[in-house]
Structure formats: structure tokens, C-alpha cells
Amino acid sequence: YENKYVKFFKSKPELPPGLSLEPNAQPSKQPSKAEGGETGLSKTAKRNLKRKEKRKQQQEKGERETDELIQSLEKVSLSGGSGGDTGGAAQQPACGTQSSADGEAAASEKSRKIKNLRKKLRQVEELQQRLDSGEIKQPTKEQLEKLGRRKALEEELQDLELDL
């Protein structure tokens, strides 16, 4: 007597599915994988490949849009700088002559810092309101430090906003 488990493993082939011992079958199998790319893949693997391709296309589309936006912004800043009415406008074309990736990275970094500072200020204001309303009776050391940093956060935010 052999149980089902033993029978299953005896009937199971030694090679993974899709491979055979015949040398003629292997060369014909390999080019089809190279050509199709999706043959022999499970449904989920095919779905994941489609998702990856879609993400790549969206990323390339986004990069093209940002390049177009950068070019249009450079044109705007150059035309704005020709008036020469403010010192900040004269500095923008100088930044535009550098690689656009550096200028974009610096601008995105500043906007990220501004966003973070606004978030911290909002948290400080909420903490102050909670203290004023009596919701928090004994503030912790960290909460008091956060309240004490309010002035510095406001000044830093103003400086960053003026740089933009």
C-alpha cells in the first residue's frame, strides 16, 4: 500500500514545469521566452509585469511634463528678469543657466522644508490650543520645548518664503 502523498511525488516529474530532457525542445522554448517575455508566467506575474510597464510609462510621461514645465518656467523667469525691477528676478536667470535638475532639486527641497515648517507650526498651535482649553493639564518636557521653538520656526519659515 502507498498513500496519496507517496504516489504524488513518484508521479511528479524531476524537472520544473516547461522543461524537458529533449535537447530539441529547449532551444525552441528559449527564443519564445525572449520574444514573448510573458510565456510561461502565471496570471499574477503577467499582471505585475503590466503594472510595472504602466508605472514606467507614467514615470516617463511625468518626466516629459516636468521637462516642459521647467522650460516654460525658464522662459517666464528670463522674461521677468529683463525688467530688472527687483533683485530676486535678476538672480533667477543665473540659476536657470545652471543645470535645470539642480535648480529643480533646490526648489523642491525648499518647498519641502516650507511644508514641514508649516506642519510643525500647525502642531504647535494645536498644542497651545489644547493647553489653553485645559485638555492638557501637565505638559511634558517635549511639549514645552515644542512651544518654545515657535518663534524660531516662524522666523525660519519667513526666511524660506522670502528666498522663493
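Contacts of Lys7 classified as side chain to side chain contact (heavy atoms under 4.5 Å, CB included), with partners at least two apart in sequence or in another chain: Glu2. Listed by chain and residue number, nothing satisfies the salt bridge (charged side-chain N to carboxylate O under 4.0 Å, His left out) test with Arg47 (two or more places apart in sequence, or in another chain). In this structure, the ring pair (Phe, Tyr, Trp, His ring centres under 6.0 Å) partners of Phe9, at least two apart in sequence or on a different chain, are Tyr5.
Rounded to the nearest 0.5 angstrom, Asn116 CG and Leu121 CG are separated by 11.0 Å. Taking NZ from Lys50 and CD from Glu53, the interatomic distance works out to 9.0 Å, rounded to the nearest 0.5 Å. Atoms NZ and CD, from Lys54 and Gln57 in turn, are 9.0 Å apart once rounded to the nearest 0.5 Å. Between Arg112 atom CZ and Lys110 atom NZ the span is 13.0 Å, to the nearest 0.5 Å. The structure places CD of Glu125 at 11.5 Å from CG of Asp132, a figure rounded to the nearest 0.5 Å. The CD atom of Gln143 sits 4.5 Å away from atom CD1 of Ile136, with the distance rounded to the nearest 0.5 Å.
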Test log, rule side-chain contact (heavy atoms from CB on, under 4.5 Å), inputs Gln123 and Lys119: CA-CA 6 Å; Gln123 290 174 346; Lys119 180 180 177 184; 3.7 Å; yes

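When every heavy atom of Gly134 is checked against every heavy atom of Lys137, the shortest pair comes out as O-CG, 3.9 Å.
Using a 4.0 Å cut-off between charged nitrogen and carboxylate oxygen, Arg149 and Glu156 do not count as a salt-bridge pair. Between Arg150 and Glu154 there is a salt bridge, since at least one side-chain N of the basic residue sits less than 4.0 Å from a carboxylate O of the acidic one. The pair Lys113-Glu109 counts as a salt bridge, with a side-chain nitrogen and a carboxylate oxygen less than 4.0 angstrom apart.
Using a 4.5 Å cut-off on side-chain heavy atoms (C-beta onward), Asn48 and Arg51 make contact.
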